[in-house]
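Below: the structure, in structure tokens.
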There are 2 protein chains.
Amino acid sequence: MEENGYTHQQPDLDIIFGALADPTRRAILSRLATGQASVNELAAPFQMSQPAVSRHLKVLEKAGLIQREVDEQRRPARLRADNMALAVNWLDEFRAFWGTSFDRLDDVLVDLQSKPTEEQNHE
Amino acid sequence: MEENGYTHQQPDLDIIFGALADPTRRAILSRLATGQASVNELAAPFQMSQPAVSRHLKVLEKAGLIQREVDEQRRPARLRADNMALAVNWLDEFRAFWGTSFDRLDDVLVDLQSKPTEEQNHE
DNA sequence: AATTTATATAACCTTTTTGTTATGGAAGAA
DNA sequence: TTCTTCCATAACAAAAAGGTTATATAAATT
């Protein structure tokens, strides 16, 4: 079980962060934050093929970031955000490093919001 | 410039989440949260070769998650957490989905802390 | 000057990721 | 029933990731 001195593995985080590392998948998640959507709807904005999007959805599903449903012929996806909290929770350990009370993180966030990107303002 | 209907790319997040998707690199970051360390010190807990660790460090550096320094022959790494805030900031957009005021996220976090893992409690 | 220590880089291999096209199946429409 | 729509899966190729060993380099030590 033990594989090194200071940590065990947490495979969920591999899968979750891995899923978040792709711009298409992040865009899909952003889209789903506005409500569920069918595969074709999700695929439309991309120049990618439909099977490619289907596989991205499978990656997101394995990461527990979405869940699939059934609506006649459609298999709409809907957000399932619990596992994103897992990611946030891991990042959270670094708040102690950033400062006792979020100060530095807050600074950075304020800074980011003053020059927002399109991706951040997806809605 | 425009590549699809609802988002632009944010390559930083690809790199950052990609860097966080590997358990060795997360363990290195956790170690660095307790203070700077040389390459050999970082490599010691793993059964991996030193060149492999050097490459993990390069990935982390490219992601802006660490910075390298010079101490005689050593090239110690130190945490540079600003870009982790970028990741948190992106995830932040889903707090609206979780609930108006963090409620659901808080629930999940409380839940996680009641059954913590080794990796979460690295210090 | 020669050796040792700390680290980086090169060359290579294997596995995983990410896309493609082709095809199949299930459900609704005609 | 036949056609169309929506989606998944298979087979394939290219590129990226992650490891290895061998070697180079720079600084400290002897």
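Letters A, B, ... are given to chains in the order of the sequence lines, protein chains preceding strands, and every chain is numbered from 1.
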| query | Does the side chain of F94(A) reach to within under 4.5 Å of the side chain of L29(B), using non-hydrogen atoms? | reply | yes
| query | For the pair made of CG in L60(B) and C1' in dA17(D), what is the distance, rounded to whole Å? | reply | 14 Å
| Euclidean distance, atom CG of residue D22(B) to atom P of dA17(D) [Å, nearest integer] | 11 Å
With the criterion being N/O to N/O and under 3.5 Å, what pairs connect the protein with nucleotides 5-8 of chain C, and how long is each?
residue	atom	partner	partner atom	Å
dT5(C)	O2	Q73(B)	NE2	2.9
dT7(C)	OP1	V39(B)	N	3.3
dT7(C)	OP1	R75(B)	N	3.3
dT7(C)	OP2	N40(B)	N	2.9
dT7(C)	OP2	N40(B)	ND2	3.3
dA8(C)	OP1	R68(B)	NH1	3.1
dA8(C)	OP1	R68(B)	NH2	3.2
dA8(C)	OP2	S54(B)	OG	2.7
dA8(C)	N7	Q50(B)	NE2	3.0

| Which of the following nucleotides, dG19(C), dG28(C), dG19(D), is nearest to the side chain of A52(B)? | dG19(D)
| request: Check for a donor-acceptor pair, side chain of R25(B) on one end and backbone N or O of H56(B) on the other, with a separation under 3.5 Å. | output: no
| request: Could you state the atom-to-atom distance from CZ of R55(A) to P of dA14(D) in whole Å? | output: 15 Å
| task | Send over the distance from D14(B) CG to dA16(D) P, rounded to a whole Å. | result | 13 Å
| Once you round it to whole Å, what is the distance between P of dA8(D) and CD of E69(A)? | 13 Å
| Among R74(B), E69(B), E41(B), which one satisfies side chain to side chain donor-acceptor pair (under 3.5 Å) with Q36(B)? | E69(B)
| query | Given dT17(C), is OP1 or OP2 found less than 4.0 Å from the side-chain N or O atoms of H56(A)? | reply | no
| At their closest point, which heavy atom of P23(B) faces which heavy atom of D14(A), and how far apart are they? | CD-OD2, 3.1 Å
| query | Just how far, in rounded Å, is C1' of dT4(D) from CD of E72(A)? | reply | 15 Å
| query | Going by heavy atoms in the side chains, are L20(B) and L91(A) under 4.5 Å from each other? | reply | yes
| field | Integer-rounded Å distance: dG18(D) P and L20(B) CG | value | 12 Å
| Going from CG on L57(A) to CG on L65(A), what distance comes out if it is rounded to the nearest 0.5 angstrom? | 11.5 Å
| query | Between atom CD in Q47(B) and atom P in dG18(D), what is the gap in whole Å? | reply | 16 Å
